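Along the sequence shown, residues are numbered consecutively beginning with 1. Computed over heavy atoms, backbone and side chain alike; hydrogens, waters and symmetry mates excluded. Bear in mind the structure is a predicted one, so any value in this text is a computation, not a measurement. Counting starts at 1 for both ligands and their atoms, in listed order.
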Amino acid sequence: MQTDQKINYEGRIQKLLNEMTLEEKAGQLRQCGPSLAGAFGVSFEELVNMMFDGKISKEEFDQQMSSAKQDFREEELRKGLIGSYNGIANAATANRLQKIAIEETRLGIPLLFGCDVIHGLRTVTPIPLAESCAWDVQLWEKTARDAAKEATAAGIHMTFSPMVDVAKDARWGRVSESAGEDVLLNSCYGAAKVRGYQSSDLTAQDSMAACVKHFAAYGAAEAGRDYNRVDMSMQRLFEEYLPPYEACVKAGARAVMPAFNDINGVPCSVNSWLLREILREKWGFDGMTISDSNAIAECISHGVVKDQADAAKRAILAGMDMDMASDSYHQYLADLVRSGEVSEERLNEAAANVLRLKFELGLFDHPYQTSPERERAQLLKPEYRRTAREAAVKSMVLLKNDQILPLPEDVKIGVVGALADDRAEMLGTWAFEGKGEDCVSIVDACRAKGVSFTYINGRKAVTKENGSNQASVTVVDDEAVSRLAESCSVILAAVGEKKEESGEAASRASITIPDEQMEVLKALVQTGKPVVVVLFNGRPLAIPWIAEHAAAVLEAWHPGVEAGSAVLDILFGEANPSGKLTVTFPYTTGQCPMYYAHIPTGRPGGKSKFTSKYLDTPLEPVYPFGYGLSYTSYEYSDIRTVLSEKEVSVCVKVKNTGNRDGEEIVQCYIRDQDAERARPVRQLAGFEKVFLKAGEEKAVSFVIPYEKLGYYNSRMVYAVEAGWFEAAVGRNCMDCLTCRFEYIGE
Ligand code: NOJ
C-alpha cells in the first residue's frame, strides 16, 4: 500500500466517520451470513446439527438446502446496520445487495463480501495440504491468482485464506487446510497465496483481499480435537507457530482472523496481547481484523465473559474490528459507547479499519466490480482447469513403487473402490461452490483415455439374520473380486477418507482407513495380483499394512476437479511424480502428534530399555516429512559449507541418475548442536525444486543468513549464538548428507 494513497483515504474516512451515527459505525463492524428462511425456520448450522443428531436424513437436509430461501436482512441493510456479508458467491445477488447499500442507505457505503475461497472457487484445486506437497511457490501463487479471478467474478472481495496454522497432529481435521507441519513451508505458502489473491494492485477488478487465519496456533489444539485449548511456552509460540502469520502480514495481507482457540487461557478473539502488541505493534499490521464465525459470543462458553455484552466489550477493546455472525457488536456496541465502557475513539478506529479496506479495494469508486456476464465467462475456464490439473499432478506423492509404475499403455486394469467412481468426493473440504459434475473421477479418466478396465465397487449388500431380526449389511463381494482379478493384470484400489472426514469439526481419534475399505483391500491383495493403492484423504493416515502389502501407493489427497486425469497422468507416466510429504505419516494414532522437527531427549530412542520409545510400535514414521519417490533416481554428493561475513552457504551436487527427466525437491535442514535451549533435531532452512534431465547434474546451494540461525533463549530474547551447527541436505528429513560448521559469532 502506498502511503500517499493512505493519506487520501484517511481524509475520506474521517469525513465519513463524522457523519455516521454510533449504530452505523457498529453496522460497519457487522458481518452477516445469509440465514435460511423456510428450512424449518432454522439457521444453516442448526440444520447441519439436525442432520448430525439424526433428526433429519441427509436427503431431507439436501432438500431443505435446495428449497430454502436465503434471508439477507435487507431492512437492516437499508438502515446501514450491515457492513459485510459472508458466503455470497453470486454476482447477481452481490450486485443486488450492493445496490441497496449504495442507493438506499443514508451514506451509500459499499458492502464488503467475504467468502471461504480456500482451494479454488468453482475450479476446485487440490486441498491446501496437497498443494503444499508440491513445494512450489510459483504454483501456489498461480492457483491463488486463478481463484481470485473466479471469486471476484462471483462478487467476492475478500477470501478467508490463507490458513497458515502449523499442523503437527494428524488427528486434527484441519490439517487438510494447512501447508502441513513445518513453519517455513507454511510461511512461504501463505505469503505466495497473499500475493496471488491480492496481486500488486488491490483495486484491480480481479484482486481480492487475503484474510490470514487463524491467528494464532489453532493447529496446536490439544489432542488434535478441534476448537480445543492451546497451552504452550512463549518460545515455542514464537519459533514454531507465529512466523507464518507474520510472513503473510509482511506480504501485505489486508485482513487477519483471530482463532477460535485460547492461548494459555485467553481466547484469541479477546486477546489484546495478540491483536495489539504482536499483530499491530510488533508486526506493524494496519489492516482489518475479523472474528471467526460467532467466536465473540463463544467467549461466554470459554468462561471469560459474563454475557454477550461483556463479550462485545472485551473483543472490541482487545482489537477485534469486525464481528462475524455473532451480532454481539450490532446488539451492544452503541450502548457500550453511550455508557462510556467503550470509547468512541476505539469504535472509530475499528470502523476506520473496515472503511479503509473498502477504499483499498476500490469499492467506493467501483462498487459493482462484476456482472453475471463476467461471472459466466470466468468460472471454470479451460485455462483454470489446466492449472488445476498441473497442481493436482504436482501435489501427488508417490509413496511406494515396487517397479510396477508407470503402467504400460496396453495394461488391463481392475479398478476397485467407491472413491474411484465418486466425483463429488474429489472436491475435498471447503468447496462450497465446487460441483461433483465438474470433476473427473478415476473411472471417468479411464474411459476418456480409452484404458482397458473393469470397475467394481468391491462390496455388496446381504441380508443377515440375528435371531428373529434381519439386517442388511455390506460385505466384501468376493466373487466380483476374484472375477475382476482374473480379467486384469493390475488392480487399482482407491481408498481413503470422504471429504467430510477432514476439515473443520472433523477430528479423528483413529487415523486409519475405515475397516470396510481395508477388508476389500485385503481381499484384493489375497488374489495375488499386484495392487496399486491410490489414497484420497485430507490428513496423514496410519497405513503400515498398505505400505507393506501394496505394490505401489500414490497419495493423491483430495485433488479437485481434475482428480482422475491427474492420477492417470502419473500412473501411466505422462508425468513424473515429484511431490513430497509436508506431514509425517505415523504408524499408529498413538504416536500423534508426530513431526520431524522434534526436540531431542537425553535418551534418544534405541534398542536398550531405558530410552525414549514405545513398546508396541516403531519409533520411526511409516513415511517421513519430505518423503516422495519419482520414476527416476537422484544422487546427492559433495556437501560442504562456505562461511562468509553474514551468511553460510550450504552447497551440494544433485544428479539425475535414472533415465527420465524429473524435478527433485532438494531440502536443507539445520541443527544447532550446542544451544542454550535444546533445538530441533532438524529444522527446514531452505528448499529448492530442481529440474534435471536424465543424467544431468546440478550444483544447488542454500544461503542462510546467520541471523536465521537464532532462536528465543530462556529469557525470551532472540539470540544468535556462536557454536557448532549441523547442515543436512537431502531427499527427505531422514535421508540427508551432513556436514558441520562453526559460527564464531559477530
Ligand atoms: C469457521 C472457520 O473456522 C473459518 O476458517 C471460516 O473462515 C469461517 N467459519 C467462515 O466460514
Side-chain angles (χ1 to χ4, degrees), residues 30-36 43-49 70 83-89 112-121 127-129 144 147 151 154 156-167 172-179 186 190 193-194 197 208-221 224-230 244-245 248 253-262 267-269 288-299 301-302 320-328 428-434 499-500 502-507 538:
R30 180 185 188 200
Q31 184 180 70
C32 297
S35 48
L36 291 180
S43 71
F44 171 70
E45 272 201 351
E46 283 165 308
L47 197 68
V48 172
N49 280 338
Q70 293 189 316
S84 175
Y85 284 98
N86 175 17
I88 297 173
L112 172 77
F113 293 104
C115 196
D116 288 288
V117 185
I118 311 296
H119 47 113
L121 185 78
I127 55 168
L129 180 59
I156 295 162
H157 304 136
M158 172 174 72
T159 175
F160 302 119
S161 172
M163 175 184 124
V164 287
D165 304 327
V166 170
W172 192 51
R174 304 196 81 169
V175 169
S176 56
E177 297 173 59
S178 78
N186 271 283
K193 290 290 169 197
V194 171
Y197 294 140
M208 62 181 171
C211 177
V212 182
K213 67 189 187 186
H214 306 84
F215 186 54
Y218 185 26
R225 181 158 55 80
D226 208 0
Y227 315 119
N228 206 5
R229 74 183 295 207
V230 171
Y245 310 104
C248 293
R254 300 312 296 143
V256 169
M257 180 188 290
F260 279 128
N261 55 279
D262 72 81
C268 298
S269 306
M288 178 189 90
T289 53
I290 172 168
S291 79
D292 204 336
S293 188
N294 202 41
I296 296 180
E298 287 166 18
C299 287
S301 305
H302 275 287
M320 182 75 85
D321 297 328
M322 190 177 270
D323 172 2
M324 181 195 286
S326 90
D327 271 356
S328 312
T429 184
W430 283 125
F432 285 139
E433 298 304 312
K499 59 183 164 54
E500 292 82 20
S502 64
E504 187 177 349
S507 294

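Interface atoms of ligand 1 facing Met257, defined by a heavy-atom separation under 4.0 Å, are 7 (O). Taking every non-hydrogen atom of Glu504 and a distance limit under 4.0 Å, the qualifying atoms of ligand 1 come out as 1 (C), 2 (C), 3 (O). When each atom of ligand 1 is checked for a heavy atom of Asn86 under 4.0 Å away, the hits are 10 (C), 11 (O). The contact set between ligand 1 and Met324, taken as ligand atoms under 4.0 Å from a residue heavy atom, comprises 10 (C). Within ligand 1, counting atoms from 1 as listed, the ones closer than 4.0 Å to a heavy atom of Phe160 are 7 (O).
Closest of all the heavy-atom pairs between Gly190 and Val164 is CA-CG1, 3.6 Å. Of all heavy-atom pairs spanning Tyr218 and Tyr245, the tightest one is N-OH, 4.0 Å.
For ligand 1, the polar-atom distance check against Trp430 finds no nitrogen or oxygen pair separated by under 3.5 Å. When only interatomic distances are considered, the shortest N/O to N/O separation between Lys213 and ligand 1 falls below 3.5 Å.
Contact annotation: Arg174 has at least one heavy atom less than 4.0 Å from an atom of ligand 1.
Contact annotation: for Met163 versus ligand 1, there are no heavy atoms closer than 4.0 Å. Counting heavy atoms under 4.0 Å from ligand 1, residue Glu177 does not touch it at all.
Formation of a donor-acceptor pair under 3.5 Å by the Asp262 side chain with backbone atoms of Pro267 is not found in this model. Looking only at distances, a side-chain donor or acceptor of Ser291 sits under 3.5 Å from a matching main-chain atom of Met324. In this structure, Asp226 contributes its side chain and Glu504 its backbone to no donor-acceptor pair below 3.5 Å.
Residues Met257 and Thr289 have side chains not in contact (no heavy-atom distance under 4.5 Å, counting atoms from C-beta outward). Using a 4.5 Å cut-off on side-chain heavy atoms (C-beta onward), Met163 and Trp430 make no contact.
Between Lys213 and Asp292, no side-chain nitrogen of the basic residue sits less than 4.0 Å from a carboxylate oxygen of the acidic one, so the salt-bridge criterion is not met.
Nearest to atom 8 (C) of ligand 1 among the protein's heavy atoms is Asp292 OD1, 3.2 Å. With hydrogens left out, the protein atom closest to atom 10 (C) of ligand 1 is Asp116 OD2, 3.1 Å, a heavy atom.
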